[in-house]
There are 2 protein chains.
Amino acid sequence: MTYTKQRILDAAEELFGEHGYSATSLRHIIAEAGVNLAAIHYHFGSKQDLLDQVILRKAGPMNARRLALLDRFEEEAAPEPASVEKILEAFIAPAILIDKSPEFVKLMGRVHAEGLMPEIAQRNFQPTIDRFLSALRRALPQMTAAELAWKAHFSLGAMAHTLTVPTEIDAQAAHESPDVIVQRLVAFVSGGFRAPVTMDKQTEVNR
Amino acid sequence: MTYTKQRILDAAEELFGEHGYSATSLRHIIAEAGVNLAAIHYHFGSKQDLLDQVILRKAGPMNARRLALLDRFEEEAAPEPASVEKILEAFIAPAILIDKSPEFVKLMGRVHAEGLMPEIAQRNFQPTIDRFLSALRRALPQMTAAELAWKAHFSLGAMAHTLTVPTEIDAQAAHESPDVIVQRLVAFVSGGFRAPVTMDKQTEVNR
DNA sequence: GTCTATACTGAGATAGAC
DNA sequence: GTCTATCTCAGTATAGAC
């Protein structure tokens, strides 16, 4: 990897995380990186592809950490399946605690939030997601596939929203340590997973 | 309201919901609406202000419905406070079931997701949010303010993510009726709210 | 008051010289 | 590999027709 390419990736990670994807122009990035505009298109092809590369550079280690944690928790629980809490912790903690790099955490939150998770990244994440879904199926054998999929969807939403700047939270609460935030989020989504469904009646709203 | 202004609002609501805010150009909107480009700036000032007006046009009735439901549920439960489930249902259902207008539902999801909830809309939503937070405080008197704020934050994330196109869900599950989705989401976030916090130990990840 | 024609600035992208 | 110049299209601003 050339020096120029490296500088572009670093600047892009910082600026995308700080201001979001749309709000960051390639001209901001070249100013921060001290390179020429065309260099971005030479090395990456497009702004979208640059985002892909920024994500993929760190997503690999992040997902490896997730899978390692899941393996460990499953070993510790054997022969029983790992608990819902542990499985969700293995998925969530590496996303928030990744090597003390808050820029990347914010970036991942923004990428989820802006609906930009690109196909390339999606492909990269799919094996990890599949592995976690099958772990959850073992932990919750009575749950239907549709219900599991929805609960995973809700959980991803809660996680993504948490990764972005939490402006809705009191300033005080927002300054809690990442460890505490992980615990709060894991407890919340675990409660959601364990909650029973009540599908036997119309919603009250339509009475 | 002039005919031109009306046409612009309708076209903007449809296109913002369909393709997102950033991906929709003002020139797309004027083509759909059959008006002149400058008419947008005459009537609305800017693209951002146009989005504000699109949201405010329907947010008022939506929040009114939320508050009406909350009032009814609180009356029915009196003298006890309304249950967490009912409070959350009163908040979530109108966002998803709003007058059979899936375009606006998608738009609200995208606005939350792209982090665009503009200040004007924020001001418009704040009284409703405050009303619901105080209802939740009554339903969960033992919960600390920080914990309640975080759980509301997680719930908003799950809801916003759900409003967007649920590509991560199986095609089958995605075609469930809005009623069922409301029930699933209410059950999920209610479980999250009722889940106990376990703040008494370090996360396992750091061992 | 409403709307149109036109132009300005900055965005992402590309071709070609070096 | 890198840089200059240029293209198209975005949001925006304004002058003026009706």
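Residue numbering restarts at 1 for every chain, and letters A, B, ... go by the order of the sequence lines. Not measured: the values here are computed from a predicted model.
Backbone-only contact: A/Thr24 has heavy atoms under 4.0 Å from sugar-phosphate atoms and none from a base. Within the 4.0 angstrom heavy-atom criterion, no nucleotide atom of any strand lies near A/Ile40.
Taking 4.0 angstrom as the limit, B/His41 places a side-chain polar atom (N or O) nearer than this to OP1 or OP2 of D/dT12. Between B/His43 and C/dC3 there is a side-chain polar atom (N or O) within less than 4.0 angstrom of OP1 or OP2. Applying the 4.0 Å criterion to OP1 and OP2 of C/dT2, one finds that B/Thr4 has every side-chain N and O outside that range.
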Can you list the steps and then say if B/His161 with A/His161 is a ring-ring contact (aromatic ring centres under 6.0 Å, His included)?
CA-CA 8 Å; B/His161 202 224; A/His161 201 226; over 10 Å; no
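Spacing between atom CG of A/Leu37 and atom C1' of D/dG1 amounts to 15 Å, rounded to whole angstrom units. Taking atom CD1 of A/Ile29 as the reference point, atom C1' of C/dG12 lies 11 Å away to the nearest angstrom. Rounded to whole Å, atom C1' of C/dG1 lies 15 Å from atom CZ of B/Phe44. Taking atom CG of residue B/Asn36 and atom C1' of nucleotide D/dG16, one finds them 13 Å apart after rounding to whole Å. Taking atom CG of B/Leu50 as the reference point, atom P of D/dA10 lies 16 Å away to the nearest angstrom. The distance from atom CD1 of A/Ile8 to atom C1' of D/dT2 is 11 Å, rounded to the nearest whole Å. Rounded to whole Å, the distance from NZ on B/Lys5 to P on C/dT4 is 16 Å. Note: CG (A/Asp49) to P (C/dT14) measures 11 Å, nearest angstrom.
If you check C/dG12, C/dT2, D/dT12 against the side chain of A/Arg27, the one that comes closest is C/dG12. With distances taken from any side-chain atom of A/Leu26 to the nucleotides D/dT12, D/dT2, C/dA13, the minimum falls on C/dA13. Here the nucleotide nearest the side chain of B/Thr2, chosen from C/dC3, D/dG1, C/dA13, is C/dC3. Nearest nucleotide to the side chain of B/Tyr42, out of C/dG1, D/dT12, D/dT4: C/dG1. Nearest nucleotide to the A/Ala38 side chain, out of C/dT2, C/dA13, C/dT14: C/dT14. Side-chain atoms of B/His28 lie closest to D/dA10 of the nucleotides D/dA10, D/dT12, C/dA13.
A cation-pi arrangement is present between A/Lys47 and A/Tyr21, with the terminal nitrogen or guanidinium carbon under 6.0 Å from the aromatic centre and inside a 45° cone about the axis. B/Phe73 carries B/Lys86 over the face of its six-membered ring, with the cationic atom under 6.0 Å from the centre and within 45° of the normal. With a 6.0 Å cutoff to the six-membered ring centre and a 45° limit on the axis angle, B/Lys5 counts as a cation-pi contact of B/Phe44.
Counting only N and O atoms by type, the side chains of A/Asp49 and A/Gln53 include no donor and acceptor under 3.5 Å apart.
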